[in-house]
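When reading the values below, keep in mind they use all heavy atoms of this one structure, side chains included, and skip hydrogens, waters and symmetry mates.
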Amino acid sequence: MGNVTGSILFITNNHEIEPTLLKQLEKAYKVYLASDTWDGIDMMNENHIDAFAIMSNWHIEPVTENLLEELRKTRSKFTPTIFISKQPSDDLNTRLYTRSGWYFSVYPIHQERFMTIVSDAMELAHSVDDKTIKLKKNRDEYPYKVRNISRIKRSRHRCIKIYSQNPITGVEEEEEFFYDLPLATFLKNNGIEKYIKQSHQSWLVNVSKVKEVRTADTELVLFDGTVVPTSKKFIVNFKKSKN
């Protein structure tokens, strides 16, 4: 299994992203595109986003404050936010590359430099977000960082199998647990609906691990090459995130 991936939301505000940059980002991360702040807030409410990139004429336009206020209410103050404009203000300069989690990239975007910024932002996001679930088997407790889980399968009657990346070795591991409730209930009871969504009657998939949605074949291709089945009922959980 490959390195832990992440997700980034671009709020374009009528600015353009070079197709070559978008392709490079999509090779490494789950990319969400929002045309404006309100669209971005809707996506943020439905999906877990690791990092945010806001394109604007000035580093913080008034409408951007709505998104920042939402982040202040619901997320860590260290949540990575990349401001993209022709130049930063003095106020932004004082907070760049500090513990605030704010970054700046000049517009038009320099592709190589921007990929480095996103990589740094993802490292920060991974250190901040430690969402963990704990499962029990034979009196032993198994803690899982949600971002390390790629998928969950209804392996047999009343059982599920967790596929996760060992954070030390990077190797994918499997573990089976007793679970006799519906898979949707598993998501709700553990509070991970934004991270992991149902793809099939027998499968749950971490959205940030999905590289490609194959509508015709009703399949999801993960970043590590794994193919997971989906269905017409559940594929919308993954298609809408690629607006």
Side-chain angles (χ1 to χ4, degrees), residues 3-18 21-22 24-26 28-132 145-148 167 191-195 206-208 241:
N3 294 330
V4 175
T5 55
S7 56
I8 181 169
L9 168 62
F10 268 88
I11 299 176
T12 59
N13 288 319
N14 297 318
H15 291 70
E16 292 186 0
I17 304 175
E18 288 291 333
L21 172 60
L22 188 57
Q24 189 170 355
L25 285 164
E26 289 178 333
Y29 309 108
K30 184 72 174 180
V31 179
Y32 298 82
L33 297 178
S35 58
D36 57 34
T37 301
W38 301 114
D39 191 21
I41 290 175
D42 287 342
M43 289 186 182
M44 182 175 70
N45 288 335
E46 292 183 0
N47 306 279
H48 177 76
I49 309 294
D50 290 300
F52 297 80
I54 304 172
M55 307 175 77
S56 62
N57 293 326
W58 189 236
H59 86 276
I60 302 182
E61 295 178 341
V63 69
T64 304
E65 285 293 347
N66 297 309
L67 179 81
L68 298 179
E69 180 62 27
E70 193 72 17
L71 284 176
R72 282 190 285 266
K73 291 178 182 177
T74 60
R75 300 290 294 277
S76 164
K77 64 181 179 180
F78 306 129
T79 300
T81 306
I82 306 168
F83 295 94
I84 304 168
S85 60
K86 291 184 177 180
Q87 61 182 12
S89 69
D90 292 339
D91 176 59
L92 181 60
N93 266 326
T94 64
R95 300 180 63 179
L96 293 178
Y97 306 100
T98 67
R99 295 185 67 214
S100 70
W102 282 15
Y103 301 80
F104 177 77
S105 178
V106 69
Y107 184 83
I109 298 172
H110 183 281
Q111 186 167 317
E112 185 177 345
R113 199 171 300 143
F114 187 76
M115 291 300 295
T116 299
I117 292 174
V118 174
S119 177
D120 290 344
M122 287 298 175
E123 280 192 32
L124 175 60
H126 293 179
S127 67
V128 170
D129 181 20
D130 60 351
K131 178 69 175 179
T132 301
K145 279 197 172 183
V146 176
R147 68 171 57 259
N148 291 334
I192 56 174
E193 302 101 315
K194 285 188 179 182
Y195 298 78
N206 190 324
V207 180
S208 73
S241 63

Test item: N66 and E70 side chains (from C-beta on) under 4.5 Å apart, heavy atoms:
no

Output, in order, the C-alpha distance, side-chain angles, deciding distance and verdict of side chain to side chain donor-acceptor pair (under 3.5 Å) for Q111 and E18.
CA-CA 9 Å; Q111 186 167 317; E18 288 291 333; over 6 Å; no

Under the side chain to side chain donor-acceptor pair (under 3.5 Å) rule, what do S7 and D50 come out as? Steps first, then yes or no, please.
CA-CA 5 Å; S7 56; D50 290 300; 3.2 Å; yes

Minimum heavy-atom distance between S105 and I117, given as atom pair plus value:
CB-CD1, 4.0 Å

Can you name the salt bridge (Lys or Arg N to Asp or Glu O under 4.0 Å) partners of R72, sequence neighbours left out?
E65, E69

Using every non-hydrogen atom in the two residues, find where A28 and T5 come nearest and quote the distance to one decimal.
O-CG2, 3.6 Å

Could I get the full list of ring-ring contact (aromatic ring centres under 6.0 Å, His included) partners for F83, not counting sequence neighbours?
W102

Any K30 side-chain heavy atom under 4.5 Å of N47 side chain:
no

Partners passing side chain to side chain contact (heavy atoms under 4.5 Å, CB included) against T116 (at least two apart in sequence or in another chain):
D120

Whether the side chain of S119 engages the backbone of M115 through a donor-acceptor N/O pair (distance < 3.5 Å, no angle test) should be reported.
no

Just do the side-chain contact (heavy atoms from CB on, under 4.5 Å) check on Y32 and I8 with the steps written out, would you?
CA-CA 6 Å; Y32 298 82; I8 181 169; over 6 Å; no

Kindly indicate whether the side chain of L21, heavy atoms from C-beta on, has any atom under 4.5 Å from the side chain of F114.
yes

Do I54 and I84 have side chains that approach each other closer than 4.5 Å (heavy atoms only, starting at C-beta)?
no

Salt bridge K145-D130, side-chain N to carboxylate O under 4.0 Å:
no

With no hydrogens and no angle check, is any side-chain donor or acceptor of D129 less than 3.5 Å from a backbone partner on A125?
no

With sequence neighbours left out, the residues meeting side-chain hydrogen bond (donor to acceptor under 3.5 Å, both in side chains) with S208 are N206

Taking side chain as C-beta onward, heavy atoms only, is D90 less than 4.5 Å from L92?
no

Trace of the side-chain contact (heavy atoms from CB on, under 4.5 Å) decision for Y29 with V118:
CA-CA 10 Å; Y29 309 108; V118 174; 3.5 Å; yes

Side chains of K194 and V207: closer than 4.5 Å at any heavy-atom pair?
no

Is it true that Y103 and F78 have ring centroids separated by less than 6.0 Å?
no

Which heavy atom in M43 sits nearest to a heavy atom in L33, and how many Å separate them?
CE-O, 2.9 Å

Candidate pair L71 and K77, rule side-chain contact (heavy atoms from CB on, under 4.5 Å), full reasoning:
CA-CA 8 Å; L71 284 176; K77 64 181 179 180; over 6 Å; no

Are more than 12 heavy atoms, taken from residues, nucleotides or ligands other than E16, located less than 6.0 Å from that residue's CD atom?
no

Looking only at heavy atoms, the pair that brings P88 and N93 closest together is CG-OD1, 3.6 Å

Contacts of type ring-ring contact (aromatic ring centres under 6.0 Å, His included), residue H15, not counting sequence neighbours
Y107

Please name the pair of heavy atoms, one in S85 and one in S56, separated by the smallest distance, quoted to 0.1 Å.
CB-O, 3.2 Å

Applying side-chain hydrogen bond (donor to acceptor under 3.5 Å, both in side chains), name anything that partners E123, two or more places apart in sequence or on another chain.
none

What closest approach, in Å, do M44 and I49 show between heavy atoms, and which atom pair accounts for it?
CA-CG1, 4.2 Å

Is any side-chain heavy atom of V128 closer than 4.5 Å to one of R75?
no

